[in-house]
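Notes follow the structure.
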Amino acid sequence: MTVTTAQKSAIQEIIQVIKSVTSPKKKRNLSDPFLDLVDRDAWANYYEVIPEPRCLNGISHNLQQGSYKDPLQIYDDLSLVFLNALYYNEPASQIHKDAETLKNILESEWKNRTVLPPPARNSPPPTSAQKVHGQLAKQQLQSQSQSQPQPQPQPPTPVTSDPTVTLAASVKSAVQQLPPQTGTSSSSPPTVELQAPQQSLASNHPSSPPRMSSPDMDVDVGGTPEPENMGADDMARDGESDLVVQQLERGLPRWEGFGDFGWMKEKEESEERWLELVLAIKSHKDAVGNRYATAIEAIPEETNLPYLSFSFPLSLKLIETRARAKAYTSNKAFDKEVAQLFEKARRWHEPGSDLYGHVLLLHRLYQTLTSPLPPSGPPYVSSTNFASLRAGPGTARPLHSSSDAEKLPAVTTFRVSSKDRTFVDEVTYRGWSIKLADWLHLSNPDDPSKPIIAQVFKCYVSDEPAKKGQPGVTACWYYRPEQTFHPAQRQFWENEVFKTSHFADHPVEDIIEKIACQFTARHIRGRPRPPSWYLGWPLYVCDSRYNDRERIFVKIKNWNSCVPEEVRKSADFMPIYPFERMVFPRRFGSPFLKGTRVRGPGGIGESVDRAEGERIEGGGTGRKRSRKPGAPTDISGPSKGLYVGVGPATVPGTPAQPAAYAPLAAGAQPRAEDRSIVTAAGGAAVLGNNASMEKLSAETAKHFDRDPDTNEVLWFAAPPLNIARKPAPSYSLEYLHWLATKRRGVEVDEEEEGAKRARMTATETVERLLLE
């Protein structure tokens, strides 16, 4: 039977109907995941489980080329598209539900077209995964029954109607016969679920292929999204949400490790240099003589951390032993192993801890010593923790700033500079390939334990005479919560950062590692695809801008304005692997209210109002701001996600209440209380409309002392007591001179009397004693 023109036209209509099916909210096409085949490199396991992969675009192409000789052959292929998805994916997944929907539409549309022959069978095709793996189970069961001795006749047993009882052994055998998982998409053991004889033997495979969307919403698998109304699908970050994230992350590709570029160049006497570098790291001390290398030496030699790029034993002692024995074959081999040691140390210690900071400081020292212009030493001393800049986020001010009252180091700019440099598409450094729009951890000169979070806006090679040919990046800084001034009631998402208008030039020696930062619309929907991000890399979320000159937060409405112009609207910019549904991060209170002293240049404080028309740093003028409740300054922070911070969570649109603190446990650090005037008066809810607030101007506030913990202006609950104070005594210079002379004279007389006593003879002494 050949495919006639009428049949071909009818089949094309069916395919078009399938492609046009959308979700109930019409935000996505259900057929998108089925248009093309699954990526073989990322999901090799899929091709081991599914015998006959099919996709809609492939079937359409074959239909146009006349490859089919029978309409029912086309029907079988269309059925396989959705049967494969039903077999490979879990029943509760969104892609499984969509496949079921489209399969029913296929059957209905096929029956409605009389020019097409009815399907020859109601069961899956013989080449489907359901039939192939079912046949494997049947064959295995028969093989086992033939190899075992025939049992003695037994009394008849009741017949059960539960198909799972009958096929339990065959399921286990079939799973054993399936091809092993050679891909990197899952590390969990296979599980089997059987609900009916016609169901799949089920999932001895990882979660859904990373191409499907969350229910009833757009998935920004490419390009830069705009924020959407997320109130209808507000999901707290509960245990179920954690399972959604874990399910996705179990199937994500793993990082293969550092590349073969950007390592130390081969030089003479390199073998002696290896040991010098190791000893420099091992012996470097702080101002009081404590060695930083104890943070690395405390790490076990065995490597059992998840998501590392290697699994062999590695320690500083091993590297020292190999360096002494000159066991490395090249500078590259030595350099790469040191980089892997620092990778292991970064993953071992808690980010933000002192030990983590020690590791990053030693990492930056090593990169300084191997730079084109290494410092003299040992000992090696640096006022910037070996970072190239003099100040970091929160303490740096822009170049050409009009206000230098605080005398902060000027290191940043408000735009990308093109002076004395040649822009390039890529720079390489120690196995990292850095390109436009990549996210980085950069050395922080103020606090090594909190590296600078930045996005690359340009890669360049310097043309300055002193730095000729040296590569670098121009990056936009993102601030951490502890690097901002914010109200005490503000909340933050886990790993939330804030975009600023600060740009800085960094040499490649400042690069610590690649990271990723997602804007809200993507972060709640999935995780970035490689090579933008891999499991184990730090991941941040950004929801707002931070204006450090006025100390205000502004929720980002146009994400395109936050990324380099070259990648705006690009389909290749940080696409995601989607969750089964939206997952919001956990929320935390201010880091300054955690009970322990937090290092950071920020603090608890309100925004700084500027006079309308007043010029501000970075260009522009001050603007009049609304003082009405709910003004768009984002002072309360995110409201979605489970709140796990200090004190009660505030409800959006309601005044913040003073936090209630429990009694301190023995040895616990006291919390930094909210000591604002409003809180002391009972809170905004108590005051209502009976009070009005006016903020001190910057000109007035500078004359008052500030709290060392919160940086707030100190205030007192009552005026000073009206008590007369006794004035301190005062004396004239003449009297003080006379008093000093008199005291000096007494001292001279006593010295002369002592000298006379010393000159008396023995006879005179005896006579004087007799007279006395």
(message) Before you tell me yes or no, could you show the steps for Gln340 and Phe258 under side-chain contact (heavy atoms from CB on, under 4.5 Å), namely the whole-Å CA-CA distance, both residues' side-chain angles and the distance that decides it to 0.1 Å?
(response) CA-CA 8 Å; Gln340 291 170 330; Phe258 297 102; 4.0 Å; yes

(request) Begin with the C-alpha distance, continue with both residues' side-chain angles, and end with the deciding distance and a verdict on side-chain contact (heavy atoms from CB on, under 4.5 Å) for Ser544 and Val554. (result) CA-CA 5 Å; Ser544 304; Val554 181; over 6 Å; no

(request) Kindly indicate, with the supporting measurements, whether the criterion side-chain hydrogen bond (donor to acceptor under 3.5 Å, both in side chains) is fulfilled by Asp548 and His502. (result) CA-CA 10 Å; Asp548 59 330; His502 290 275; 2.8 Å; yes

(message) For a side-chain hydrogen bond (donor to acceptor under 3.5 Å, both in side chains) check, start with the C-alpha distance between Tyr366 and Asp335, then their side-chain angles and the critical distance, and finish with the verdict.
(response) CA-CA 10 Å; Tyr366 173 76; Asp335 201 14; 2.5 Å; yes

(message) Working note: Asn495 + Leu539, criterion side-chain contact (heavy atoms from CB on, under 4.5 Å); need CA distance, chi angles, decisive distance, verdict.
(response) CA-CA 7 Å; Asn495 293 331; Leu539 179 63; 5.9 Å; no

(request) Would you check, one step at a time, whether the test side-chain contact (heavy atoms from CB on, under 4.5 Å) holds for Thr294 with Lys282? (result) CA-CA 8 Å; Thr294 55; Lys282 188 176 179 180; over 6 Å; no

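In summary, Asp505 and Arg421 engage in a salt bridge, as defined by a charged side-chain N under 4.0 Å from a carboxylate O. Salt bridge annotation for Asp463-Lys419: absent, with no cationic side-chain nitrogen under 4.0 angstrom from a carboxylate oxygen. Taking a cutoff of 4.0 Å between a charged side-chain nitrogen and a carboxylate oxygen, Glu272 and Lys326 qualify as a salt bridge. Using a 4.0 Å cut-off between a side-chain N of Lys or Arg and a carboxylate O of Asp or Glu, Asp447 and Arg480 do not qualify as a salt bridge. Ion pairing of Arg347 with Glu513 is present here, as a side-chain N (NZ or NE/NH1/NH2) and a carboxylate O approach within less than 4.0 Å. Ion pairing between a basic and an acidic side chain is recognised when a charged N comes within 4.0 Å of a carboxylate O; Arg364 and Glu509 show no such pairing. Checked for salt-bridge contact, Lys468 and Asp420 miss the test: no charged N lies under 4.0 Å from a carboxylate O. Between Lys332 and Asp260 there is a salt bridge, since at least one side-chain N of the basic residue sits less than 4.0 Å from a carboxylate O of the acidic one.
By the neighbour-count criterion of 12 heavy atoms within 6.0 Å, atom CD of Glu301 is densely surrounded, having more than that number from other residues, nucleotides or ligands.
Here Trp432 and Tyr429 keep their ring centres 6.0 angstrom or further from each other. Checked against a 6.0 Å centroid threshold, the rings of Trp274 and Tyr328 count as neighbours. The distance between the ring centers of Phe592 and His486 falls below 6.0 angstrom. Aromatic ring centroids of His284 and Phe386 lie under 6.0 Å apart. Two rings, from Phe498 and Tyr478, have their centers 6.0 Å or more apart. Side-chain rings of His349 and Tyr356 stay apart, their centers remaining 6.0 Å or farther from each other.
Residue Met264 comes nearest to Phe334 through the heavy atom pair SD-CD2, 4.4 Å, listed as atom of the first residue, atom of the second, then distance. For the pair Trp477 and Ala454, the tightest heavy-atom approach, listed with the atom from each and the gap, is CD1-CB, 4.1 Å. Looking at every heavy atom in both residues, Ile452 comes nearest to Pro445 through CD1-CD, 4.3 Å. Between Phe503 and Cys476 the shortest heavy-atom distance is CE2-CB, 3.6 Å. Smallest separation of non-hydrogen atoms from Trp493 and Glu496: N-OE1, 2.7 Å. Among all heavy-atom pairs drawn from Phe573 and Ala437, the shortest one is CE1-CB, 3.6 Å.
A distance-only check finds no donor-acceptor pair linking the side chain of Lys336 to the backbone of Asn331 [under 3.5 Å]. Proximity of a side-chain donor or acceptor of Arg322 to a complementary backbone N or O of Ala327 within less than 3.5 Å is not detected. No donor-acceptor pair under 3.5 Å is formed between the side chain of Arg291 and the backbone N or O of Ser283. The closest donor-acceptor contact from the side chain of Tyr479 to the backbone of Gly394 lies under 3.5 Å. Without hydrogens or angle criteria, Lys514 side chain to Ser433 main chain gives a donor-acceptor distance under 3.5 Å. With Arg390 contributing its side chain and Ala410 its backbone, the two residues share a donor-acceptor pair below 3.5 Å. Arg587 contributes no side-chain N or O that, together with a main-chain N or O of Glu494, makes up a donor-acceptor pair within less than 3.5 Å. Of the possible donor and acceptor atoms, one in the side chain of Thr321 sits under 3.5 Å from a partner among the backbone N and O of Lys317. When atom types are taken as modelled, the side chain of Asp446 and the backbone of Gly392 share a donor-acceptor pair closer than 3.5 angstrom.
Leu341 is listed as a side-chain neighbour of Ile319, based on a closest heavy-atom distance under 4.5 Å. A 4.5 Å side-chain heavy-atom check between Leu308 and Ser311 finds every atom pair outside the cut-off. The shortest side-chain heavy-atom distance between Glu482 and Lys450 falls under the 4.5 Å cut-off. Using a 4.5 Å cut-off on side-chain heavy atoms (C-beta onward), Arg527 and Gln518 make contact. Proximity of Arg250 to Leu248: side-chain heavy atoms (C-beta onward) are nowhere separated by under 4.5 Å. Using a 4.5 Å heavy-atom cutoff, the side chains of Val563 and Phe519 are in contact. Between Ile512 and Leu360, some side-chain heavy-atom pair lies under the 4.5 Å cut-off. The side-chain heavy atoms of Gln483 and Asn444, taken from C-beta on, include a pair separated by under 4.5 Å.
In this structure, the separation between OG on Ser449 and NE2 on His358 is 8.5 Å, given to the nearest 0.5 Å. Of the inter-residue distances, the one linking Phe588 atom CZ with Leu593 atom CG reads 14.0 Å to the nearest 0.5 angstrom. Note that CH2 of Trp537 is 8.5 Å distant from OG of Ser532, once rounded to the nearest 0.5 Å. Leu361 contributes atom CG, which lies 5.0 Å from atom CG of Asn385 (distance to the nearest 0.5 angstrom).
Legend: residues meeting side-chain contact (heavy atoms from CB on, under 4.5 Å) with Asp425, ordered by chain and number and at least two apart, are absent. Under the rule for a side-chain contact (heavy atoms from CB on, under 4.5 Å), the partners of Arg273 that lie at least two apart in sequence or sit in another chain are Glu276, Leu277, Leu369.
Residue pairs satisfying the side-chain hydrogen bond (donor to acceptor under 3.5 Å, both in side chains) criterion with at least one member in residues 452-461, sequence neighbours excluded, are listed as follows: Lys458-Glu566.
In this structure, Arg551 is positioned above the aromatic face of Phe485, its NZ or CZ under 6.0 Å from the six-membered ring centre and within 45° of the axis. Geometric assessment of Arg490 against the ring of Phe492 yields a positive cation-pi assignment under the 6.0 Å and 45° thresholds.
Between His441 and Tyr540, the ring planes are perpendicular. Angles over 60° get that label, and only those under 30° would be called parallel. Taking the six-membered ring for Trp and thresholds of 30 and 60 degrees, Phe310 and Phe312 have ring planes inclined between 30 and 60 degrees apart.
One side chain, Arg430 or Thr370, offers a donor N or O that lies under 3.5 Å from an acceptor on the other. In this structure, a donor-acceptor pair under 3.5 Å is absent between the side chains of Arg254 and Ser309.
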